[in-house]
Amino acid sequence: MIFERSVENRFAYSLPECDVPARDTEDLIPAGLLRKKAAELPELGEADVLRHFVGLSKKNHGVLSGFYPLGSCTMKYNPAINEVVSSLPGFTDAHPLINCQGSLRLMYELQGMLAEITGMDAFSLQPAAGAHGEHAGLMIIKACHEKNGRSERTKILVPDSAHGTNPASVSMMGMDTVHVKSDKNGNVDINDLRARIDDKIAGLMLTNPSTLGLFEVNVEEIAEIVHGAGGLLYYDGANQNAIMGISRPGDMGFDVMHLNLHKTFSAPHGGGGPGSGPVGVKKDLAAFLPRPAIVLDGKGIFRLDEDMPDSIGRVRSFYGNFSVMVRAYAYILSMGAAGLKSASENAVLNANYLMFKLKEFMKIEYDRICMHEFVAAGTPQKEQGVSALDIAKRMLDFGVHPPTIYFPLIVKEAMMFEPTESESMQTLDAFVEIMRGIIKEASENPDLLKTAPHNTPVGRLDDVKAARKPVLTWK
Ligand SMILES: *Cc1c(COP(=O)(O)O)cnc(C)c1O
């Protein structure tokens with residue numbers, strides 16, 4: 001701990017004697033806000049400080065320290081060049097109120113690229129996260145129904161495999177979630193969908209491929225049913241990693257969608273941000289997009305257009321998280337159309353390779369070709385007294401980040417793996433051997449798993465207490 005290493009009067013700086021006349025601090029700061037005694041700060045040399053922080057960073061697992069197959073979250077390698085580009089002073093120093101032509105052009109062009117990749121007609125880059133994009137998209141759906149005099153449409157259909165943010169966004173909008181069941185193959189149960197349709201339906205939110213990692217084979221039929229009932233189709237596009245350059249939500253019949261630039265398009269994520277969840281629409285809905293729109297006038301000048309009477313309004317200060325947009329722009333340009341397509345092909349290939357290898361000794365929930373991720377079930381191990389959580393904790397001992405566990409909710413003891421396109425066959429093979437060993441241990445030495453992890457800086461934590469009552473100070 002940095003405080004324990006503190007030595008009185010040791011400094012990490014040397015500055016010349018202050019030659020500015022001391023002013024009476026009470027003139028500047030109200031007495032009630034003045035410190036009564038000196039702040040308790042550690043006193044260390046520069047090398048000690050650096051060693052402390054580098055040491056802390058090494059205790060953490062990241063995609064640059066090892067394999068990170070966290071399903072649904074697309075923890076892929078983000079090319080370092082995009083980090084360099086996003087920190088160019090021309091971008092980082094541009095004041096947001098100046099409406100710098102270069103920055104506006106980048107955003108305008110990025111919107112166009114995203115529209116082309118997804119088959120939508122228009123995008124707004126304002127939303128700052130996936131859930132924020134969902135919320136903006138639902139606002140658009142609501143505004144559209146209201147404009148057409150159908151404000152009684154307040155129900156949103158959400159499949160039971162959906163990401164938790166979907167029903168949460170519906171609630172945030174003051175709308176009602178109607179759950180739709182999945183069938184035994186992991187598709188939307190069409191009969192259940194038909195049974196839940198009525199004239200209060202505002203729309204359906206669908207993730208395709210679903211969070212089960214499966215391509216929704218009935219998507220066209222689903223679109224027909226929902227449109228036929230006067231509803232709109234919302235596409236949760238948080239993970240495009242399986243379909244870039246191969247299939248497009250716009251062609252599948254979706255009207256509104258969001259993307260997570262911080263999953264598919266080269267921004268590191270986790271820890272809460274910054275993110276970017278652009279919202280895209282078909283042209284009939286473009287008038288409802290957040291205001292202002294970025295437009296190119298006849299003289300080749302980029303402008304912000306506030307004149308959008310049907311807009312849902314502004315959903316974020318300034319433009320959203322600009323540096324995330326720069327990374328996405330650089331990523332898309334450097335990959336090119338063919339590169340994006342091959343990224344998706346490799347993501348799908350890697351996921352299927354891993355799934356087929358793990359199938360030798362693990363239960364795979366849906367026995368069909370997967371997209372960018374797949375779900376294993378720890379139910380056979382559970383019978384031996386070992387839970388998915390125990391298996392996940394044991395993985396930490398081998399320097400890999402565990403997959404997402406206990407999600408999707410419809411699979412018991414779920415473990416959702418997403419290897420991503422950026423992992424080599426050697427990494428995947430090594431991981432398979434780690435898993436083979438762990439599954440063997442589960443039957444031979446279950447206690448080893450139940451008390452794991454053993455090799456990490458801290459042992460097993462009380463997850464609930466850590467989230468509810470975090471200890472954030474050193475004492
Ligand atoms: C990650 C994710 C979201 C939410 O994105 P955030 O940026 O975390 O708000 C929504 N849907 C799916 C399918 C996701 O994987």
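One-based numbering, in listed order, for ligands and for the atoms of each. This chain uses plain numbering: 1 for the first residue, then up along the sequence. Both backbone and side-chain heavy atoms feed into the values below; hydrogens, waters and symmetry mates do not.
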My question is simple, although I want it checked carefully: is atom 8 (O) of ligand 1 less than 4.0 angstrom from any protein heavy atom? no

Return a yes/no value for [X]: is any of its N or O atoms, backbone included, closer than 3.5 angstrom to an N or O of ligand 1?
| X | value |
| --- | --- |
| T207 | no |
| T211 | no |
| G130 | yes |
| H258 | no |

Test N166 against E134 for side-chain hydrogen bond (donor to acceptor under 3.5 Å, both in side chains), laying out the working first. CA-CA 7 Å; N166 291 188; E134 289 172 28; 3.1 Å; yes

Mind checking whether F374 and F417 have parallel, tilted or perpendicular rings, split at 30° and 60°? parallel

Element-labelled atoms of ligand 1 that are located less than 4.0 Å from some non-hydrogen atom of [X]:
| X | value |
| --- | --- |
| E134 | 10 (C), 11 (N) |
| A129 | 7 (O), 9 (O) |
| D236 | 10 (C), 11 (N), 12 (C), 13 (C) |
| H262 | 7 (O) |

Is H132 in contact with ligand 1, taking contact as a heavy-atom separation below 4.0 Å? no

Looking at ligand 1, would H269 count as a contact under a 4.0 Å heavy-atom criterion? no

Taking only residues two or more places apart in sequence, or in another chain, which ones meet E365 in a side-chain contact (heavy atoms from CB on, under 4.5 Å)? K363, A377, V411

So for A131 against ligand 1, with non-hydrogen atoms under 4.0 Å, the contacting part is both

Mind checking whether T74 contacts ligand 1 via backbone (N, CA, C, O), side chain (CB onward), both or neither, at a 4.0 Å heavy-atom cut-off? neither

Within a 6.0 Å radius of atom NZ on K359, are there more than 12 heavy atoms belonging to other residues, nucleotides or ligands? yes

Minimal non-hydrogen separation, P127 against V279, with atom names: CG-CG1, 4.0 Å

Shortest non-hydrogen pair, F318 vs Q126, comes out as O-CG, 4.4 Å

I'd like to know whether V324 forms a side-chain contact (heavy atoms from CB on, under 4.5 Å) with H269, so could you lay out the CA-CA distance, the side-chain angles of the two residues, the decisive distance to 0.1 Å, and finally the verdict. CA-CA 10 Å; V324 181; H269 66 105; over 6 Å; no

Do H401 and F67 have their ring centres less than 6.0 Å from each other? no

